[in-house]
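Treat the numbers as computed from the prediction; the structure is a model and nothing was measured.
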2 protein chains.
Amino acid sequence: MLSPTEENYLKVILALSSKNEQAVHTNAIAAELRIAAATATDMCKKLAVKKLVSHEKYKGVLLTKTGYLKACLIIRKHRLWETFLVEQLKFKWDEVHEIAEQLEHIDSEELVNRLELLLGSPKTDPHGDPIPDKNGYLPPSRSMPLAEAATHDVHVVRGVADQSSKFLQLLNKLNIGIGSRIRIMEKFDFDQSIAIKVDQQKTVHISDQVARNIIVK
Amino acid sequence: MLSPTEENYLKVILALSSKNEQAVHTNAIAAELRIAAATATDMCKKLAVKKLVSHEKYKGVLLTKTGYLKACLIIRKHRLWETFLVEQLKFKWDEVHEIAEQLEHIDSEELVNRLELLLGSPKTDPHGDPIPDKNGYLPPSRSMPLAEAATHDVHVVRGVADQSSKFLQLLNKLNIGIGSRIRIMEKFDFDQSIAIKVDQQKTVHISDQVARNIIVK
DNA sequence: ATAAAAATTTAGACTAGCCTAAAAATAATT
DNA sequence: AATTATTTTTAGGCTAGTCTAAATTTTTAT
Ligand SMILES: [Mn+2]
Ligand SMILES: [Mn+2]
Ligand SMILES: [Mn+2]
Ligand SMILES: [Mn+2]
């Protein structure tokens, strides 16, 4: 049995390793969890003893098969709970993350499986992220940031890279959500900002930073 | 903010103090939580520093106003989650307690209030126990002798009117104790005797004199 | 290639929550 | 009332998870 703390480490290591396939540096983990570097190093050694990661000194850690599976199952719980909070309890999509951070550590397979059933086995969470199945299988999503998408084409919003409420509230203001159709009108080389039309409304202008955090397919 | 451990102590102290109005002995807490007596003493001192209980050395602890309120709000969460598990996730009433022991520590007022709404503001949990409102108000369970309780309903044993060992030994034989759940199957007008089921065991027959001395809610 | 800078690990310390064993206070017996 | 038994507290120690400061290794820049 893993403690909530250990589970959080696994989750962070999975998130960081899916960006760049390399070993995850202990400092990156520390930054993400807002703890001291020494603390992260210490825990990585413990996770290595438990065979959840492999740890090469001064290089970083990689999830083992077991560690990866555990991480996926926590992601599964997190995303199913988020879906429950939005679908059943009518929370907004920017209000659910912190609560799901707690709920994901509730230890009951039966509970999460029944929750999935209650929700009608959703494929994605309120942020467009795929929900792993009960075996921990996480479907590969081939999508890209809006910033890299082709001009003039229409792209369907599939998710967000940044899950912070600040960002999500900005998207609310722009009427951008999962499923929104965005046409890129023009790109401005000067600052990489882009002009877009959301669902055929009037054209708005967004920064590169926003465009990089909107995931489309 | 209270840790899950501290919350569990408060809950146990409330449960033990509602049986007998006296101060709760540290040993009773230790027994209930299955921890060493020394550990309970230690925590009681810490809770006293936080003004959640008053602690008189060698006498025991009593919840303060604040401590009582906190305890009631944990009970509220526990019972609402149990209701959710049974009503929405179709768990059986005997399967939900352990999971609710975890869920009751999730920290979000908004969550529990919305959960209450989703469930239609139930008055009691799957075990018939009352659910405190959002102010922590736990409706006063006006208790009565089993002899006066309604037929077919389930009643929770809250105490005894006769404290004699002869009576208590009879209750032991009948497997009736504080917290036992008694369903009244039938009342016989001839001698006011009644047929009951104790905790879903087989039906037994008790005299009016016994029924008048069992206090239920 | 060496020196400086940055990243990482090690060392030592702290708190929460638990333990056992010993001491002290209270309750029960004689 | 004195002795014995029971309950409760104190004392000291352990692990998980955190920290800061110092040492070490790796990377970068001269
Ligand atoms: Mn989230
Ligand atoms: Mn999400
Ligand atoms: Mn329960
Ligand atoms: Mn209950």
Sort me out a list of protein N/O and nucleotides 22-29 of chain C N/O pairs below 3.5 Å, or just none if empty.
residue	atom	partner	partner atom	Å
C/dA25	O4'	B/Tyr58	OH	3.3

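- The side-chain contact (heavy atoms from CB on, under 4.5 Å) test applied to B/Tyr58 returns no partner, not counting sequence neighbours.
- Phosphate proximity of C/dT8 to A/His25: present, with a side-chain N or O under 4.0 Å from OP1 or OP2.
- Pairs of residues two or more places apart, or lying in two chains, that qualify as salt bridge (charged side-chain N to carboxylate O under 4.0 Å, His left out) and include a residue from residues 90-108 of chain A are A/Lys11-A/Glu101, A/Lys11-A/Glu104.
- Residues meeting the side-chain contact (heavy atoms from CB on, under 4.5 Å) test with A/Ser18, sequence neighbours left out: none.
- Heavy-atom contacts of chain A under 4.0 Å fall on DNA chain D between two terminal nucleotides, which in 5' to 3' order are D/dG17 to D/dT26.
- Every ring-ring contact (aromatic ring centres under 6.0 Å, His included) that A/Phe84 has, sequence neighbours left out, goes to A/Trp81, B/Phe84.
- Residues passing the ring-ring contact (aromatic ring centres under 6.0 Å, His included) test with A/Phe188 are A/His205, sequence neighbours excluded.
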Please tabulate the protein-to-nucleotide N/O contacts below 3.5 Å involving nucleotides 12-18 of chain C, giving atom names and distances.
residue	atom	partner	partner atom	Å
C/dG17	OP1	B/Ser3	OG	2.6

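- Evaluation of the salt bridge (charged side-chain N to carboxylate O under 4.0 Å, His left out) test over residues 45-55 of chain A, restricted to residues two or more places apart or in two chains, returns A/Glu6-A/Lys50, A/Asp42-A/Lys46.
- Contact annotation: A/Asn27 reaches the phosphate of C/dT8 (side-chain N/O to OP1 or OP2, under 4.0 Å).
- A/Asn8 meets the side chain to side chain donor-acceptor pair (under 3.5 Å) test with A/His105; sequence neighbours excluded.
- Listed by first then second residue, pairs satisfying salt bridge (charged side-chain N to carboxylate O under 4.0 Å, His left out) with a partner in residues 56-78 of chain A read A/Arg76-A/Glu116, not counting sequence neighbours.
- Crowding of A/Gln169 atom CD: a count of heavy atoms from other residues, nucleotides or ligands under 6.0 Å exceeding 12.
- Pairs engaging residues 205-217 of chain A under the salt bridge (charged side-chain N to carboxylate O under 4.0 Å, His left out) rule: A/Asp208-A/Arg212 [sequence neighbours left out].
- A/Ala40 comes within contact range of no nucleotide atom at all, as no heavy-atom separation falls under 4.0 Å.
- B/Thr26 comes within contact range of the sugar-phosphate backbone alone, with a heavy-atom separation under 4.0 Å but no base atom that close.
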